[in-house]
Amino acid sequence: MSAGSMSLFGALSIAGSAMSAESERLSAIASNLANANSAVAPGGQPYRAREVVFQAVSANDGDDASSVGMDGVKVAAVVESSAPAQSVYDPSSSFADKSGYVQMPNVNPVDEMVNMISAQQDYQANLEAFNVAKTLALRTLTI
Amino acid sequence: MVASIDTGLEFLRQVLALRAYRQEILSADIANASTPGFKAVDLDFASALNAATRHPTSKAPPNSRRLLLVDDPRQMTVKENGGDLREAASNFVKYQAGAEVTLDGNSVDLNQEKTSAAENAVQYEAAATFTTQTLRMLMTAINGSGSQQSSGS
């Protein structure tokens, strides 16, 4: 890869990898919020909140993985939250069991909203880094 | 005279390369602002530039004509010049101290990274401007009049 001579392209690909990873994080948040109230019949498995796991990954084809820094980011895994499913007392629901409880997903909307703000800020920061690298690369063309 | 001109441009080339390298490092920090266990790093620019200019690339003779030959694939690799500088500079990439570490072991301070990246970008532009002016000065010396042959605009 030609990142050896043009580090700015490396910066572009790093910021790009982060933007796609943050997009995936936002997708997981959207999925969780959309299913926050998806009740299930007794015996069924309620929806479980999904969380993405980020991992630093060497951006330049792993030819010098020993060097510090210069890491892009990728979504290593999407794990399901281990929080217990919520039981809501709602005897009038058609999904209620004999005791009147409905199994609800373990999605915590407050957590999701905070996570969404964090993802948004990270995405914006990476977009900014991307634009700065692009500006510098274009400036270099006019030397 | 020619040698002094060349060293001026060589210095600016190294400044630009190191600034671009630091931009990449800061970009990586920002990219990993939410990665568990990631520790923020930064380039000690002054030390890296000192080391780069104290040991000029004497190993590789500045024979620019060689780069145009394409009969040997090794001559097209970027390791010849850029790779050396990059490898030398990677010794000056250090972990940032004093940053707050979150519960998941991440030490990236997004605000500080953005500030550093903006500052580094301005410095890069400044070095690029200096390069443009140096080249324009050379054109003035060659042509006897500067404005009509300026390559910058």
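From a predicted model like this one, the values you see are computed outputs, not experimental measurements. Each chain gets a letter, A, B and so on, in the order its sequence line appears, and its residues count up from 1.
With D71(A) as reference, N32(B) is the one residue of V41(B), D29(B), N32(B) to meet the side chain to side chain contact (heavy atoms under 4.5 Å, CB included) rule.
Hydrophobic cluster membership for L141(A): L138(A) (Ile, Leu, Val, Met, Phe, Trp, Tyr linked by side-chain heavy atoms under 4.5 Å, directly or transitively).
Cluster annotation: V101(B) is not connected to Y95(B) through the hydrophobic network of ILVMFWY side chains, with a link wherever side-chain heavy atoms come within less than 4.5 Å. Hydrophobic clustering of Ile, Leu, Val, Met, Phe, Trp and Tyr side chains at less than 4.5 Å, counting indirect connections, keeps V132(A) apart from L26(B). Tracing side-chain contacts under 4.5 Å through hydrophobic residues (I, L, V, M, F, W, Y), one reaches V73(A) starting from V75(A); they form part of the same cluster.
One distance of note links CG of L12(A) with CD of E24(B); it measures 9.5 Å at 0.5 Å rounding. Atom CD of Q23(B) is separated from atom CD1 of I14(A) by 10.5 Å, given to the nearest 0.5 angstrom.
Residue contact with chain A, scored on non-hydrogen atoms closer than 4.5 Å, involves the backbone and the side chain of I30(B) alike.
With sequence neighbours excluded, no residue forms a salt bridge (charged side-chain N to carboxylate O under 4.0 Å, His left out) with E80(A).
Heavy atoms only, all atoms of each residue included: T132(B) and I143(A) are closest at OG1-CA, 3.6 Å. Nearest heavy atoms, A20(B) versus L8(A): CB-CG, 3.9 Å.
Contact residues of residues 15-28 of chain A toward chain B are A15(A), A18(A), E22(A), R25(A) (heavy-atom distance under 4.5 Å). Residues of residues 92-128 of chain A that come closer than 4.5 Å to chain B, counting heavy atoms only, are S118(A), Q121(A), D122(A), A125(A), N126(A), E128(A), ordered by residue number.
Interface summary for chain B: among A76(A), A129(A), A56(A), the most heavy-atom pairs under 4.5 angstrom belong to A56(A). The choice from T131(B), T129(B), L43(B), D42(B) that makes the most heavy-atom pairs within less than 4.5 Å of chain A is T129(B).
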Tell me, with the steps shown, if R19(B) and L136(A) meet side chain to side chain contact (heavy atoms under 4.5 Å, CB included). CA-CA 10 Å; R19(B) 285 288 174 202; L136(A) 291 183; over 6 Å; no
